[in-house]
Amino acid sequence: MKDLKFNRHRRLRGSANIRAMVRETGLHKEDFIYPIFVVEGENIKHEISSMPNVFHFSMDRLGEELDEVVDLGIPSVILFGVPNDKDAVGSQAYHDHAITQEAIRFAKERHPDLVVIADTCLCQYTDHGHCGVIEEGVILNDESLDLLARTAVSQAKAGADIIAPSNMMDGFVTAIRYGLDEAGFQHIPIMSYSVKYASAYYGPFREAAHSTPQFGDRKTYQMDPANRLEALREAASDVEEGADYLMVKPALSYLDVIREVRDNFDLPIVAYNVSGEYAMVKAAALNGWVDEEKIVLETLLSMKRAGADIILTYHAKDAVRWLEGK
């Protein structure tokens, strides 16, 4: 056996400190965006049944959630407003005093340094649950762009630091960029949901945002899960149109796509660790089948390793506590 020749990779794994010295990928609280759902009403903190420890907050309870996020050192939140009144054109999406706009104002007044991101879509504001204007059962692309631009401008007026359009209409980035620039918001960046698949992993979110389509599905505008090269075309269009961040959604089943986007574009890459991914881990942990802390941190680490710079995740608060021993 003395003549065997091989590489001794284990030399770099011999102790915790050696492993830490050569670790290639890390997780930090600055990597996270935390999603918050805001609803109309008073004294509401209602747990979403399919997403344990994630809640609907009314405006008078929103402050306690924002305070916790800031105390943990998480630098950013994304706000999803859930209105009571919905109509065919989602008019509450771009009303200057609708639930999302009021939540943005409140968050920026309470914590001026917190980065507040506005989800820019129509689905939770329309009575049909789709992300655009409908005519005879067809989601109209170009007619929807004006409403999305109006929504983005209204959110920027309310104080949003970043606009995050999630609708997947063709041309949505250029329409929003034009609208923001015309309204004097040239400085507001766009975090585009560039690569958004028509995924089964969104189920719990639709309960949270009350945004289940009332007919059909979203496969004519969200991407086919079978497609990889199409993701690069979508991302390239958004770069050309003026996006400042590129998001891949979902994350866990699309780590290969995150890597492809990372390798082809030099903008910051965002991974959305979506509701279904969160719910599966929570369900397994509540049944004692997995070690929640280890599973969550390993999962989030995989997204960073795949190339994500930022992770939008419902695990953010727990992850920070685990990482910092709180």
side-chain hydrogen bond (donor to acceptor under 3.5 Å, both in side chains) between Ser15 and Asn17, worked out: CA-CA 5 Å; Ser15 71; Asn17 282 337; 5.6 Å; no
Report the C-alpha separation of Ile33 and Ile311 in whole Å, then their side-chain angles, then the decisive distance to 0.1 Å, and conclude whether the side-chain contact (heavy atoms from CB on, under 4.5 Å) test is met. CA-CA 6 Å; Ile33 300 168; Ile311 304 172; over 6 Å; no
Lys29 and Glu324: CA distance, side-chain angles, deciding distance, salt bridge (Lys or Arg N to Asp or Glu O under 4.0 Å) verdict: CA-CA 9 Å; Lys29 61 188 177 186; Glu324 299 191 349; 3.5 Å; yes
Would Thr100 and Tyr125 satisfy side-chain hydrogen bond (donor to acceptor under 3.5 Å, both in side chains), going step by step from the backbone distance to the final call? CA-CA 10 Å; Thr100 302; Tyr125 306 96; 2.5 Å; yes
Start with the C-alpha gap between Ile74 and Val320, add the side-chain angles, then the distance that decides, and say whether side-chain contact (heavy atoms from CB on, under 4.5 Å) holds. CA-CA 8 Å; Ile74 297 169; Val320 171; 3.8 Å; yes
Hey, mind stepping through Leu312 and Asn273 against side-chain contact (heavy atoms from CB on, under 4.5 Å) and telling me if it holds? CA-CA 6 Å; Leu312 200 165; Asn273 178 211; over 6 Å; no
Can you list the steps and then say if Thr120 with Gln155 is a side-chain hydrogen bond (donor to acceptor under 3.5 Å, both in side chains)? CA-CA 8 Å; Thr120 306; Gln155 293 169 337; 2.6 Å; yes
Assess whether side-chain contact (heavy atoms from CB on, under 4.5 Å) is satisfied between Leu114 and Leu66, documenting all intermediate values. CA-CA 9 Å; Leu114 181 67; Leu66 293 170; 3.9 Å; yes
What do the steps show when you test Ser194 against Glu234 for side-chain hydrogen bond (donor to acceptor under 3.5 Å, both in side chains), and what is the final call? CA-CA 6 Å; Ser194 297; Glu234 286 279 2; over 6 Å; no
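The residues Arg228 and Glu260 are annotated as salt-bridged, a charged nitrogen and a carboxylate oxygen being separated by less than 4.0 angstrom. The pair Lys304-Asp31 meets the salt-bridge criterion, since a charged nitrogen lies less than 4.0 angstrom from a carboxylate oxygen.
Under the 4.5 Å side-chain criterion, counting only non-hydrogen atoms from C-beta, Leu180 is not in contact with Gln186. Within the 4.5 Å cutoff, the side chain of Leu255 has no heavy atoms near those of the Val248 side chain. With contacts defined as side-chain heavy-atom distances shorter than 4.5 Å, the pair Phe106/His111 does not qualify. A 4.5 Å side-chain heavy-atom check between Ser192 and Phe172 finds at least one atom pair inside the cut-off. Side-chain contact between Arg61 and Ile44 is absent, with no heavy-atom pair separated by less than 4.5 Å. Between Lys196 and Met223 there is no side-chain heavy-atom pair separated by less than 4.5 Å. Residues Phe55 and Ile48 fail the side-chain proximity criterion, which asks for heavy atoms closer than 4.5 Å. Residues Asp161 and Ile117 fail the side-chain proximity criterion, which asks for heavy atoms closer than 4.5 Å.
Under the 3.5 Å distance criterion, the side-chain polar atoms of Arg259 are matched with a main-chain donor or acceptor of Arg305. Here the side chain of Thr299 pairs a donor or acceptor atom with the backbone of Ile295 at under 3.5 angstrom. With Glu40 contributing its side chain and Ala98 its backbone, the two residues share no donor-acceptor pair below 3.5 Å. Judged by distance alone, with hydrogens and angles left aside, the side-chain atoms of Arg233 form no donor-acceptor pair with the main-chain N or O of Ala236 at under 3.5 Å. A donor-acceptor pair is defined here as one N or O able to donate and one able to accept, closer than 3.5 Å; such a pair exists between the side chain of Asp224 and the backbone of Ala226. Looking only at distances, a side-chain donor or acceptor of His95 sits under 3.5 Å from a matching main-chain atom of His97. Between the side chain of Asn141 and the backbone N or O of Asp170 there is at least one donor-acceptor pair closer than 3.5 Å. A donor-acceptor contact shorter than 3.5 Å is absent between the side chain of Arg177 and the backbone of Gly242. Between the side chain of Asp291 and the main chain of Glu293, a donor-acceptor pair closer than 3.5 Å is present. For Tyr278 (side chain) and Pro52 (main-chain N/O), a donor-acceptor pair under 3.5 Å exists by modelled atom type.
Residues Tyr178 and Val239 do not share a hydrophobic cluster, defined by chaining ILVMFWY side chains whose heavy atoms lie under 4.5 Å apart.
Nearest approach of Val195 to Val257, heavy atoms of both residues: CG1-CG1, 3.9 Å. Between Glu102 and Asp96, the shortest heavy-atom contact is OE2-O, 4.4 Å. Nearest heavy-atom pair across Arg13 and Ile18 is N-CG2, 4.3 Å. For the pair Leu300 and Ala319, the tightest heavy-atom approach, listed with the atom from each and the gap, is CD1-CB, 3.9 Å. Between Ala160 and Ala118, the shortest heavy-atom distance links the atoms CB-CB, 4.0 Å. Heavy-atom minimum distance, Leu252 versus Ser302: CD1-OG, 4.2 Å.
Residues Ser253 and Tyr201 bring a donor and an acceptor atom of their side chains to less than 3.5 Å of each other.
Ring-plane geometry between Phe185 and His187 is classed as tilted, the angle between the planes lying from 30 to 60 degrees on a 0 to 90 degree scale. The aromatic rings of Tyr314 and Phe37 lie parallel to each other, their planes meeting at an angle below 30°, with 60° marking the opposite boundary. Using cut-offs of 30° and 60° for the angle between ring planes, the Tyr197 and Tyr254 rings count as parallel.
Atom-to-atom distance recorded for Leu145:CG and Leu140:CG is 10.5 Å, nearest 0.5 angstrom. Considering CG of Leu72 and NZ of Lys317, their distance stands at 7.5 Å, rounded to 0.5 Å. Interatomic distance, OG of Ser58 versus CD1 of Ile99, reported as 8.5 Å (0.5 Å rounding). Gln222 contributes atom CD, which lies 9.5 Å from atom CG of Asn167 (distance to the nearest 0.5 angstrom). Here the CG-CG distance, from Asp119 to Leu79, works out to 9.5 Å after rounding to the nearest 0.5 Å. Distance check, rounded to the nearest 0.5 Å: NE2 of His28 to CG of Leu323 gives 8.5 Å.
Applying the salt bridge (charged side-chain N to carboxylate O under 4.0 Å, His left out) test to every pair with at least one member in residues 270-285, sequence neighbours left out, gives these pairs: Lys282-Glu292, Lys282-Asp318.
Tested against Met247, the residues Ile310, Val270, Asp238 include a single side chain to side chain contact (heavy atoms under 4.5 Å, CB included) partner, Val270.
Atom CD of Glu143 sits in a crowded spot, with more than 12 heavy atoms from other residues, nucleotides or ligands closer than 6.0 Å. Shown here is Glu64, whose CD atom has more than 12 heavy atoms of other residues, nucleotides or ligands within 6.0 Å.
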